[in-house]
Amino acid sequence: MSAASSPRVEAVIDLGAVRANVARLRDVAQGSQLMVVVKADGYGHGMQPVARAAREGGADWLGVAVLEEALALRSAGDEGRLLCWLATSGESYDAAVRADIDLTASSRGQLGEVVAAARSAGVCARLQLKVDTGLSRNGCLPSDWPHLVAAAADAQRSGDVMVTGVWSHLACADEPDHPANDAQQQVFDEALGVAAHSGLDPEVRHLANSPATLTRPAAHYDLVRTGLAAYGLSPAPRVADAAGFGLRPALTLTARLAAVKRVPEGMGVSYGHTFVTDRPTTLGLVPLGYGDGVPRVAANRAEVLVHGRRARVVGSICMDQFVVDLGLVDDVAVGDEAVLLGTGEAGEPTAQDWAEWTGTIAYEVVTRLGGRIVRRYTGVRS
Ligand SMILES: *Cc1c(COP(=O)(O)O)cnc(C)c1O
């Protein structure tokens with residue numbers, strides 16, 4: 001068997017699922033434009049292939065956090081609308097301005113840097129303004145907002161920037177009944193009023209992330225920004241699972257067992273012997289570890305699927321490998337497949353299961369996958 005035909009470890013990403021999720025989100029947010037957020041290497045799914053599938057599925061916009069991500073999308077040939085929202089003072093906006101990327105300013109200092117870049121590039125920069133409606137992360141506080149808006153209106157009149165958007169981000173959208181949602185939306189509406197009063201008429205006003213897109217139609221405005229949901233994972237697991245929202249997980253992570261051995265009762269397993277066999281059993285060695293993004297805290301808790309049966313992780317998760325308890329079976333051999341996570345349709349765990357086993361969110365589970373994991377894409381359109 002060649003290494004190429006049966007890799008040790010593989011993340012298979014179904015781009016057909018991404019396209020279907022994007023189509024589903026377009027349907028949910030009918031009347032608004034749709035942005036698919038592909039930051040952090042497409043939430044661990046691979047930025048470029050996911051970006052292409054998102055466009056094929058009907059994404060009007062792509063969204064990324066940092067400038068390097070936006071420029072990489074342009075280098076790969078993406079020419080559509082593209083918003084970037086996280087930069088630190090002193091970063092160069094020149095290339096981004098020339099590449100027709102929508103930048104975000106949360107302060108007059110940032111606005112000044114974008115204006116300077118636009119002048120040095122000799123172009124009119126597309127610029128969106130972000131207001132902090134209550135997340136206390138980036139964004140202009142409402143007290144400074146009239147000043148930022150006035151300065152941006154000046155810069156627009158002098159031809160340095162075109163204010164293409166006004167936006168904000170929600171803190172508690174995965175809890176639809178949380179009072180912060182209404183409070184933030186009210187602050188947002190007031191900020192939009194201030195912008196309109198200064199003569200700004202942006203192309204897009206936007207507030208909703210995935211959970212708000214799925215649970216809060218009143219927050220859709222002109223554009224919704226969906227990340228996690230486009231990958232087919234539930235962004236509000238207390239409200240509904242992926243299937244309940246009409247979504248399908250795109251990523252399946254498998255590994256082929258590197259060792260299988262029958263052991264007696266009383267065997268300590270892996271570093272620290274945090275697990276000792278309480279009966280004769282069969283142990284399987286999965287060639288993935290925390291160096292690949294498998295959370296170490298999942299030891300003695302998480303499960304994988306082998307031959308259609310769940311097998312629990314036993315003992316510490318190491319940098320490159322971990323052990324699973326297969327039970328007293330004799331139909332499992334070296335090279336057989338262990339499914340760590342996937343759609344759940346064949347009984348395998350989902351990213352949400354791993355999130356619950358490890359006290360985190362599905363966002364972190366998939367985004368951390370990396371290191372040595374090879375990604376393969378199905379449903380590629382030629
Ligand atoms: C990451 C991010 C999103 C996407 O959030 P999801 O919950 O994954 O949809 C949207 N907007 C901003 C500003 C983000 O940073």
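Order of appearance sets the numbers: ligands from 1, and atoms from 1 within every ligand.
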Heteroatom distance test (Val37, ligand 1): nitrogen or oxygen, under 3.5 angstrom: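 N/O-N/O distance below 3.5 Å does not exist for this pair.
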Part of Ser210 within contact of ligand 1 (heavy atoms, under 4.0 Å): both
If you count the atoms of ligand 1 from 1 in the order shown, which ones are under 4.0 Å from a heavy atom of Asn209? 5 (O), 7 (O), 9 (O)
Please report the shortest heavy-atom distance between Leu62 and Ala54, naming the atom on each side.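 Reported closest heavy-atom pair: CD2-CB, 4.1 Å.
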Counting heavy atoms only, which of Arg225, Lys130, Lys39, His206 is nearest atom 15 (O) of ligand 1? Lys39
Ligand 1 versus Thr226: contacting region, heavy-atom distance under 4.0 Å: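 Thr226 to ligand 1: backbone contact only, side chain stays beyond 4.0 Å.
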Using a strict 4.0 Å threshold on nitrogen-to-oxygen distance, state whether Arg119 and Asp94 make a salt bridge.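 Salt bridge: no.
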Should Arg137 be listed as contacting ligand 1, given a heavy-atom distance under 4.0 Å as the test? yes
Qualifying residue for ring pair (Phe, Tyr, Trp, His ring centres under 6.0 Å) with Phe188, from Trp145, Trp167, Tyr221: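 Of Trp145, Trp167, Tyr221, ring pair (Phe, Tyr, Trp, His ring centres under 6.0 Å) with Phe188 is met by Tyr221 alone.
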Within a distance under 4.0 Å of any heavy atom of Leu228, pick out the atoms of ligand 1 and give their elements. 6 (P), 8 (O), 9 (O)
Does His307 have more than 12 heavy atoms from other residues, nucleotides or ligands lying within 6.0 Å of its NE2? yes
Look at ligand 1 and say whether Pro211 reaches it with a heavy atom at a distance under 4.0 Å. yes
Can you find a side-chain donor-acceptor pair between Asp27 and Gln30 that sits under 3.5 Å?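 Yes, side-chain donor-acceptor contact under 3.5 Å.
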Can you figure out which of Tyr43, Trp167, Tyr363, Tyr231 has its heavy atom closest to atom 4 (C) of ligand 1?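 Looking at heavy atoms only, the winner is Tyr43.
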So, taking the atom named CG in Leu223 and the one named CH2 in Trp61, what distance separates them when rounded to the nearest 0.5 Å? 7.0 Å
Only one of Thr164, Asp100, Asp60 clears side chain to side chain donor-acceptor pair (under 3.5 Å) with Arg81; which? Asp100
